[in-house]
Amino acid sequence: MKYMLLIHSAAVGESTDVPDEDLFNAWVSYDKAVKDAGIWVSGHSLADLTTATTVRVDPTGERIVTDGPFAETREVLGGYYVIDVPDLDVALDWAARCPGARRGGSVVVRPVAEFEA
Amino acid sequence: MSERTAGVGSLVEEVFREERGRLLAALVRRFGDLDLAEDVAADAVEAALVRWPVDGVPPRPGAWLMTTARRKAVDRLRRDQVYAARLALMQVEADRSGPATPTDTDGDLPDERLQLFFTCAHPALAAQDRAALILRCIGGLTTDEVARAFLVAPATMAKRIVRVKAKIREARIPFRTPEAEELHRRLPGVLQVVYSIFTEGYAASSGPELQRVDLAEEAIRLARILRRLLPAEREIAGLLAQLLLIHARRAARSGPDGEIVLLEDQDRGRWDRAMIEEGQALVVFALTGGPPGPYAVQAAIAALHDEAADVATTDWPQIVALYDVLLALTPSPVVALNRAVAVAMRDGPLTGLALLDELSGEPLLRGYHPYAAARADLLRLLGRFSEAAAAYRAAIALAGSEPERSHLRRRLADVHMRSPRS
């Protein structure tokens with residue numbers, strides 16, 4: 001069963017009491033743990049939200065491109081993993097181990113929909 | 001003949017009520033699907049209602065229901081191949097070739113209800129859904145009964161139960177009993193659900209009746225099941241003790257017209273002595289063999305009330321000491337409020353009021369009518385009637401059930417009468 005872990009970090013610029021180096025190491029070792037466990041399907045860290053661009057197509061078919069969105073809430077989607085594990089309890093365990101769940105961040109766990117052929 | 005049929009019919013109902021949770025848990029264990037388990041459990045009962053009046057009640061009704069339900073499941077999975085593909089069809093087939101006669105099943109039904117408790121009380125489900133699901137799946141209540149218990153329309157409750165079962169299935173919340181360490185992390189969550197069912201029955205949060213005894217008794221039944229499943233867990237004993245020691249006062253707790261009778265005015269002769277004794281024995285177990293948990297401490301407080309001849313001779317110093325322990329275990333403004341009331345009983349209303357006023361900034365207590373009511377009572381005892389009246393008015397505006405409101409209105413009228421201004 002595949003689950004996506006949507007990693008919402010505290011907004012950029014919010015101070016943390018953990019040195020950047022320790023945080024970086026925590027991510028490296030988490031990433032290694034996910035891959036060593038054989039559950040890694042995919043995953044990426046996203047570039048800063050200030051680089052985001054939003055696209056909408058209106059009813060006339062016109063493309064509307066806007067800068068942003070900008071963070072309206074305190075937390076911003078900063079990256080994701082897709083993992084393949086037996087059940088929600090295991091997925092929640094991996095979410096709890098994720099550095100993104102700490103220091104004001106949160107991880108939203110969503111099952112990946114599977115459609116039968 | 002009709003008499004005999006009715007007799008068997010009610011026996012089936014009784015057996016089913018007792019066995020439903022067990023049956024459902026065993027079927028979930030077997031098929032890993034709550035919907036299928038519920039459907040075939042219902043089919044099995046229907047079959048029993050047809051067969052038992054003719055053939056007589058089988059020697060092991062639970063096992064008969066289980067075998068019948070399993071066969072119904074196999075039939076259903078044969079018909080619905082897509083559904084079957086999702087489940088372990090091979091396991092089902094193996095089961096099909098098993099013992100042919102229902103009574104061949106060895107012994108009682110295996111008790112798999114603990115896993116169902118943990119699934120239904122899973123932290124990934126909303127708190128209100130956990131209680132509904134536990135009543136439905138383990139308590140054996142119908143959806144209509146659960147709806148009545150929570151004062152919502154049956155259609156609303158049905159929708160909620162469908163939605164929560166879909167989450168269990170789609171997000172794959174497992175049916176399993178957690179390992180030792182995780183079990184201790186998650187057990188408080190299970191106990192919390194049972195406790196919330198009890199408190200909803202004990203002091204209905206809204207509606208015309210103060211008590212809904214059926215829900216309180218249902219919670220006690222669930223706590224008893226948990227106690228049987230995990231006899232070494234002292235906090236389960238503590239929870240069951242607390243429920244029994246509070247529920248023992250039910251007959252004295254409301255007057256002939258449904259009005260509230262406060263602890264200080266209750267006819268203690270109407271308290272259920274047998275229930276108190278059972279609770280007392282459980283408190284001893286819950287408090288023995290290491291630091292006590294919050295339910296054990298709350299049970300001990302309830303026991304001190306139950307053991308006293310009246311409010312004046314209640315061991316208030318001991319109750320305050322227990323609230324100190326409880327406050328250290330589970331710091332919360334509500335516990336602090338209860339402690340302040342106990343201190344007022346021990347040291348007088350002025351000391352208690354000072355403690356209550358220290359809590360005035362707590363957001364959680366701002367909308368909590370027992371806080372306003374406790375302040376009002378202490379102000380009344382101090383003769384500060386106009387302040388008491390204001391506090392009673394605040395409490396009336398916040399109280400959820402009609403008996404609570406009318407009790408507070410009586411108190412308000414009382415302080416108005418005694419107020420020098422009127």
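Just so it is clear, the structure is predicted and the values come from calculations on it, not from any experiment.
- Contacts of B/A124 with chain A are made by side-chain atoms alone, with heavy-atom separations under 4.5 Å and no backbone atom involved.
- Closest non-hydrogen pair, A/P111 versus B/A171, comes out as CG-CA, 3.5 Å.
- The two residues B/P174 and A/L88 make their nearest non-hydrogen contact at CD-N, 4.3 Å.
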Give the table of side-chain donor-acceptor pairs shorter than 3.5 Å for residues 90-100 of chain A, with sequence neighbours excluded, one pair per line with atom names and distance.
none

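- Taking 4.5 Å as the heavy-atom cut-off, none of the residues of residues 35-46 of chain A approach chain B.
- Under the side-chain hydrogen bond (donor to acceptor under 3.5 Å, both in side chains) criterion, B/D35 pairs with B/K165, B/R169, sequence neighbours left out.
- Within the model, atoms CD of B/E170 and CZ of A/R110 stand 12.5 Å from one another, a figure rounded to the nearest 0.5 Å.
- For the atom pair CG (A/D89) and NE2 (B/H122), the distance works out to 3.5 Å, reported to the nearest 0.5 Å.
- In this view, A/Y30 and A/Y81 satisfy the ring pair (Phe, Tyr, Trp, His ring centres under 6.0 Å) rule, not counting sequence neighbours.
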